Engineer: 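One structure, as structure tokens, below. Some questions next.
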Amino acid sequence: MTPDTLMTPEKIFLDGKTFIPAEQLPIPEWPCVVSERSQPTLTVKDDDLFFVTDTIGNISGCSLNDGNPSMGLFCCDTRFLNRLELQIEGRSPVLLSSTAEKGFSLSALCTNPRIDERLRAETIGIRREIVLNGALFEEIEISNYSTTTVNFELSLSFDADFVDLFEVRGYDREKRGRLLRLVEPTTEEGIIDAVSSVPKDPSTFREESLTLAYQGLDGSVMESRILFQHHQPDSFKGYTAVWQLELASHETQKLGYRVNMLKNNQSSSTVSAATTLGQAKAAELMEEQNWVQQITRISSDKSTFNRVIERAEQDMYLLRQSFGKHKTVSAGVPWFSTLFGRDSLITASQTLMLNSQIARETLILLATYQGKNDDEWREEEPGKILHELRLGEMARCQEIPHTPYYGTVDATPLWLMLYAEHYAWTHDQELLELLWPNALAAMEWIDRNTQQTSYLGYFRKSKRGLVNQGWKDSGDCIVDHKGELANGPIALCEVQAYVYAAKMRLAEIARMKKRLDLADRWQEEARSLKVRFNLDFWVEDQDFCALALDGDGKPVDSITSNPGHCLHLGLFTHERAYSVAERLRAPDMFNGWGIRTLSSLSPAYNPMGYHTGSVWPHDNALIAMGLRSLGLIDQALEIFQGLFDMTSRQPYQRPPELFCGYERNGDNAPVQYPVACTPQAWATGSVFQLLQMMVNLVPDAQNNCLRIIDPALPESINRLSFHNLRVGPTILDLEFERSGTTTACRVAKKRGNLRVVIEA
């Protein structure tokens, strides 16, 4: 159904509602409480919604430092609330404790400050619970712990700026849409403000609501509709609901509301919203329980390690997001809560042993958006896999090219790699056949783009596109040994490894499909690439692999983590692979927690640099896989131990997107990167990739076989078990136990006829 909309310069009529421009009807404002210091935040997420508040559960309307720009309630790249502020007698509550442990909900316990002579400090208990499930729900319980009856005012202030997420991130806009006011039908006296009064006659009582609205430059009308439940407000002042409360000694009262987000009178969220917080919570818990039953459950004999695994399992659930009929993992909260190519593909690969359904949905979804035309604005080309999809006003108005945007060089070979990996785990012939035309189109895109230089490179075409289009996509990271920026087109070393792996793996599938012409050609092209790569990318005086080749075909010769991605894909000669592995473990690269993105000896090194000295968990997990493939098991386990120690010191034992590259020194904690996403998909996925590295599972579902090659547990773990592991149609339980330097494996249970071969 399409909404019934009529617009005039003065009014908008939408499905029986009337809106006018906000400037025509000024409303009173409720003062905000100034925070004296920068507030830490709590983040909750459910599907396509996420919500960032301070630790009280507030989003203040003001602060000395203009607050945290990421705070707010977001859906589909639009901020539907930028103020949600609970006050008691015009003062901010005092925090006692709070948590966002569950991921889709937060709870906070607060009390009152001293208020004149009327209310002693810490006599009122305020318990808040906020849940996301297609809408935002909050219930507030207020308890009087004094010995006498108390009277006080409680207020909740709302506001919505409806800004695009790219505006929040700092993008400038020349024009914006207009804020609107919802009004009741006109009377003889004129327009009635829809939030001006609350009926007090019980016979006329109805549930009260507030509506905040905005019309975008594309004509879309966005609404945040707030419906109050339980104890209705006594009055409104603008977008502030006010309660005059009277509580007897030890009496408790409950307030509540929900916020629905609408676009053109249709729900913005793809999730069907519940009616009450209790229903929302029950729906979330049921869905999470279904998820837990589908995944491989992993546990060890160490409680700290188990907490890290349990958090990673839960975060993979939280990061799943609906896109049409399919659901895959979004890249991270707050900035990247959407569909990505590279991030979703790497995460899906990391989690194949957890739940292969993530990979299946990711492959189908990205194939749906596979490039069909040549479009420089979006950097789309036939066969190319997208980089990023956005749904906000700036995308709808073509102010950014993310509809979707295709500016990534590595998503296409990574899609082909996952296509083959998924088949190895599942023997899903139906999907293999369904996506074979997409695989051919992806390989044709690679072949077209390697014709000129023999290597797959990138060069920005869109004026609003990314300058760098590999996984290190910040503008300052592709530097040579002098710290100087390289000029494009850029051919990254790890991208050539992805192409090599894609051709080798697709050759096997083509052979299976009796396409010997393709199998022989792809295999020969991969072999030729390996010979050329080891000549052109090798920097003799460094005895290391170049980060990239620049636009002149010269090596970009800085020492970086990128060559570590090549180690487990077979592109290096044997000797050069070992040389790269050894160099990555030198003190200028390995800081004790993990391997830095850039050597600390580089003039461009910055331990706080996004890609110029920081440490990324997923980067390290891929390198650990490479070390393991070379038989360097102790070195791979050293990376695991550093990352595990780092993760165990994080809030909720959750690995961040990245952390600073400062050296590990005694008992010092790892230094947090100020605006790292958390939870973040491939950081969370690195937990499972490191587990895969330890136990070394090699699935071959087509031939009904699982090889377990020389499993190795670190000294910090004695026993590790996998329950409900799926390979093809078989479900099995595996148990690993370490004794000294040897790790034994036992098949504890098997439902199916899979052959399990354990190789020491």
Side-chain angles (χ1 to χ4, degrees), residues 298 300 305 308-309 312 346-354 414 417 421 471-472 493-494 497-498 501 544-545 559-572 577-587 589-598 614-648 655-659 661 664 670 680-698 708-717 720 722 736 738 741 743:
I298 306 164
S300 75
F305 186 62
V308 171
I309 295 172
I346 288 178
T347 305
S349 173
Q350 292 171 323
T351 54
L352 275 163
M353 73 169 185
L354 179 75
L414 285 169
M417 289 167 62
E421 283 181 277
W471 88 260
K472 293 178 180 175
C493 63
E494 75 272 18
Y498 302 157
F544 194 70
C545 177
I559 305 295
T560 68
S561 62
N562 296 57
H565 292 215
C566 306
L567 292 176
H568 75 293
L569 299 177
L571 184 57
F572 285 123
Y578 278 96
S579 181
V580 167
E582 188 64 28
R583 183 66 184 84
L584 289 172
R585 295 180 58 248
M589 290 298 291
F590 184 69
N591 76 341
W593 304 108
I595 292 170
R596 298 180 176 101
T597 45
L598 179 66
S614 59
V615 179
W616 290 62
H618 92 281
D619 190 26
N620 277 259
L622 287 167
I623 293 169
M625 291 287 286
L627 295 173
R628 168 59 123 125
S629 71
L630 298 174
L632 301 173
I633 296 174
D634 289 343
Q635 293 88 331
L637 292 177
E638 182 181 34
I639 290 178
F640 156 76
Q641 196 63 53
L643 289 176
F644 169 71
D645 291 346
M646 178 277 299
T647 302
S648 64
E657 175 188 16
L658 72 157
F659 56 99
R664 184 175 185 175
Q680 201 257 1
W682 62 19
T684 300
S686 68
V687 173
F688 303 105
Q689 191 158 38
L690 290 166
L691 288 168
Q692 160 76 349
M693 178 273 295
M694 287 181 207
V695 298
N696 211 15
L697 307 179
V698 181
I708 304 172
I709 304 174
D710 196 16
L713 298 185
E715 291 183 2
S716 56
I717 301 170
L720 187 66
F722 290 69
F736 299 86
R738 184 178 61 83
T741 58
T743 298

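Please read all numbers here as calculations on a predicted model, not as lab measurements.
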Engineer: From the options I298, L720, I709, T743, select the one residue that forms a side-chain contact (heavy atoms from CB on, under 4.5 Å) with V695.
Structural biologist: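 Exactly one option meets the side-chain contact (heavy atoms from CB on, under 4.5 Å) with V695, and it is L720.
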
Engineer: Main chain of M693, side chain of R628: is a donor-acceptor contact present, judged purely on distance under 3.5 Å?
Structural biologist: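 Yes: the side chain of R628 pairs with the backbone of M693.
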
Engineer: How far does CG of L690 sit from CZ of F688, to the nearest 0.5 angstrom?
Structural biologist: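 Here the rounded value is 11.0 Å.
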
Engineer: Side chains of F640 and I717, heavy atoms from C-beta outward: is any pair under 4.5 Å?
Structural biologist: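 Yes, their side chains come closer than 4.5 Å.
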
Engineer: Between W616 and H618, how do the two ring planes meet: parallel, tilted or perpendicular, split at 30° and 60°?
Structural biologist: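 W616 vs H618 ring planes: perpendicular.
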
Engineer: Is the shortest heavy-atom distance from the side chain of D619 to the side chain of W682 under 4.5 Å?
Structural biologist: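 Not in contact.
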
Engineer: Can you name the nearest heavy-atom pair linking A581 to L632, along with the distance?
Structural biologist: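 Taking A581 first and L632 second, the nearest heavy atoms are CB-CD1, 3.7 Å.
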
Engineer: Minimum heavy-atom separation for M417 and L569, please, with both atom names.
Structural biologist: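 Answer, listing the atom of M417 first, then L569: CE-CD2, 3.9 Å.
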
Engineer: Is there a donor-acceptor contact under 3.5 Å from the side chain of R738 to the main chain of E715?
Structural biologist: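 Yes.
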
Engineer: Can any side-chain N or O of T597 pair as donor or acceptor with the backbone N or O of S614 at less than 3.5 Å?
Structural biologist: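 At least one qualifying donor-acceptor pair exists.
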
Engineer: Start with the C-alpha distance between W593 and L643, add both sets of side-chain angles, then the distance that settles side-chain contact (heavy atoms from CB on, under 4.5 Å), and finish with yes or no.
Structural biologist: CA-CA 6 Å; W593 304 108; L643 289 176; 5.9 Å; no

Engineer: Closest approach of I639 and I595, non-hydrogen atoms and distance?
Structural biologist: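 Scanning both residues completely, I find the closest heavy atoms to be CD1-CD1, 3.6 Å.
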
Engineer: About how many Å separate CG of L414 and CD of E421, when rounded to the nearest 0.5 Å?
Structural biologist: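 So the gap between those two atoms works out to 9.5 Å.
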
Engineer: Atom CE of M646 and atom CZ of R664: how far apart are they, to the nearest 0.5 Å?
Structural biologist: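 Result: 10.5 Å between the selected atoms.
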
Engineer: Please report the shortest heavy-atom distance between P656 and P617, naming the atom on each side.
Structural biologist: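 Looks like O-CG, 3.4 Å.
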
Engineer: Looking only at non-hydrogen atoms, find the nearest pair between S648 and D645 and report the distance.
Structural biologist: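 Here S648 and D645 meet closest at OG-O, 2.9 Å.
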
Engineer: Find out whether W471 and I346 are in side-chain contact, i.e. whether some heavy atom of one side chain is under 4.5 Å from a heavy atom of the other.
Structural biologist: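 They are not in contact (no side-chain heavy atoms under 4.5 Å apart), so the answer is no.
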
Engineer: Flag the pair Y578 / F572 as yes when their ring centroid distance falls below 6.0 Å, and as no otherwise.
Structural biologist: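 No, the ring of Y578 stays outside the 6.0 Å limit from the ring of F572, centre to centre.
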
Engineer: Compare every heavy atom of A681 with every heavy atom of Q350, then report the nearest pair and how far apart it is.
Structural biologist: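 Residues Q350 and A681, closest heavy atoms: OE1-O, 4.2 Å.
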
Engineer: Let me confirm one number: the NE2-SG distance from H565 to C493, rounded to the nearest 0.5 Å.
Structural biologist: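 If we round to the nearest 0.5 Å, H565:NE2 and C493:SG are 8.5 Å apart.
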
